[in-house]
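Within every chain, numbering begins at 1; the chains are lettered A, B, ... in the order of the sequence lines, protein sequences first and strands thereafter.
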Amino acid sequence: MAQGGNTRFSVYVGNLSYQTSEDDLGNFFSQAGHVTNVRLVIDRETGRPKGFGFCEFADEAAAQNAISMFNGQDFNGRALRVNMANR
DNA sequence: GTTGAGCGT
């Protein structure tokens, strides 16, 4: 199975607007399937969002569905970048 | 009141 080397179903979400929250992503990604976890990477040195995050789904189909639905699509004024996570 | 490639406190 090609999940990107992870036993879970995490997808990398990049090119986010700095004003986007985890709640916004959770609502948006739940359209593709059952989201079990959403993490927005915040810079520990500055306390600001790094502009990317990770979204974990209940199964692989939902994760790949999210990629198909949202990769390259517009979100909060930015072209969303969605791909299978590597770690 | 800022910025823009990235794979994770």
Side-chain angles (χ1 to χ4, degrees):
Chain A
M1 302 265 204
Q3 262 103 41
N6 194 353
T7 53
R8 299 183 187 177
F9 309 107
S10 311
V11 292
Y12 169 79
V13 186
N15 204 37
L16 292 168
S17 178
Y18 291 130
Q19 59 185 335
T20 306
S21 299
E22 296 178 345
D23 187 67
D24 295 329
L25 274 181
N27 286 323
F28 195 70
F29 274 79
S30 63
Q31 296 173 105
H34 189 254
V35 177
T36 55
N37 190 307
V38 181
R39 174 189 290 198
L40 261 242
V41 179
I42 308 299
D43 192 279
R44 209 185 129 288
E45 302 175 63
T46 64
R48 301 181 196 156
K50 288 187 177 179
F52 74 97
F54 295 88
C55 187
E56 184 176 282
F57 289 90
D59 61 59
E60 182 189 353
Q64 293 184 1
N65 189 28
I67 297 173
S68 300
M69 287 180 73
F70 303 130
N71 187 28
Q73 295 302 313
D74 185 82
F75 184 67
N76 286 359
R78 299 288 171 175
L80 208 58
R81 175 187 284 180
V82 186
N83 209 358
M84 270 295 174
N86 298 144
R87 299 177 191 176

Which is true for A:Arg81 with a 4.0 Å heavy-atom rule: it touches a base, it touches only sugar-phosphate, or it touches nothing? sugar-phosphate
For residues 30-56 of chain A, pull every pair meeting salt bridge (Lys or Arg N to Asp or Glu O under 4.0 Å), keeping only residues two or more places apart or in separate chains. A:Arg8-A:Glu56
Report the residue (A:Asn37 or A:Arg78) whose heavy-atom-nearest nucleotide on DNA chain B is the more 5′ of the two. A:Arg78
Who are the ring-ring contact (aromatic ring centres under 6.0 Å, His included) partners of A:Phe75, not counting sequence neighbours? A:Phe28
Rounding to an integer number of Å, can you tell me how far A:Met84 CE sits from B:dG6 P? 20 Å
Spatial distance of atom CZ (A:Phe9) from atom CG (A:Asp59) [nearest 0.5 Å]: 6.5 Å
Contact list please: residues 41-57 of chain A against DNA chain B, heavy atoms, distance less than 4.0 Å, in numerical order. A:Val41, A:Arg48, A:Lys50, A:Gly51, A:Phe52, A:Phe54
Between atom CG in A:Leu40 and atom C1' in B:dC7, what is the gap in whole Å? 14 Å
Quick one: pull up CZ in A:Phe57 and CD1 in A:Ile67 and give me the separation to the nearest 0.5 Å. 8.0 Å
Side-chain heavy atoms of A:Leu80 within contact of A:Asn71, under 4.5 Å: no
Between A:Asn15 and A:Tyr12, name the one whose nearest nucleotide on DNA chain B is closer to the 5' end. A:Asn15
A:Gln19 CD to B:dG4 P: how many Å, rounded? 16 Å
So, applying side chain to side chain contact (heavy atoms under 4.5 Å, CB included) with A:Asp23, which one of A:Thr20, A:Asn27, A:Leu25 is it? A:Asn27
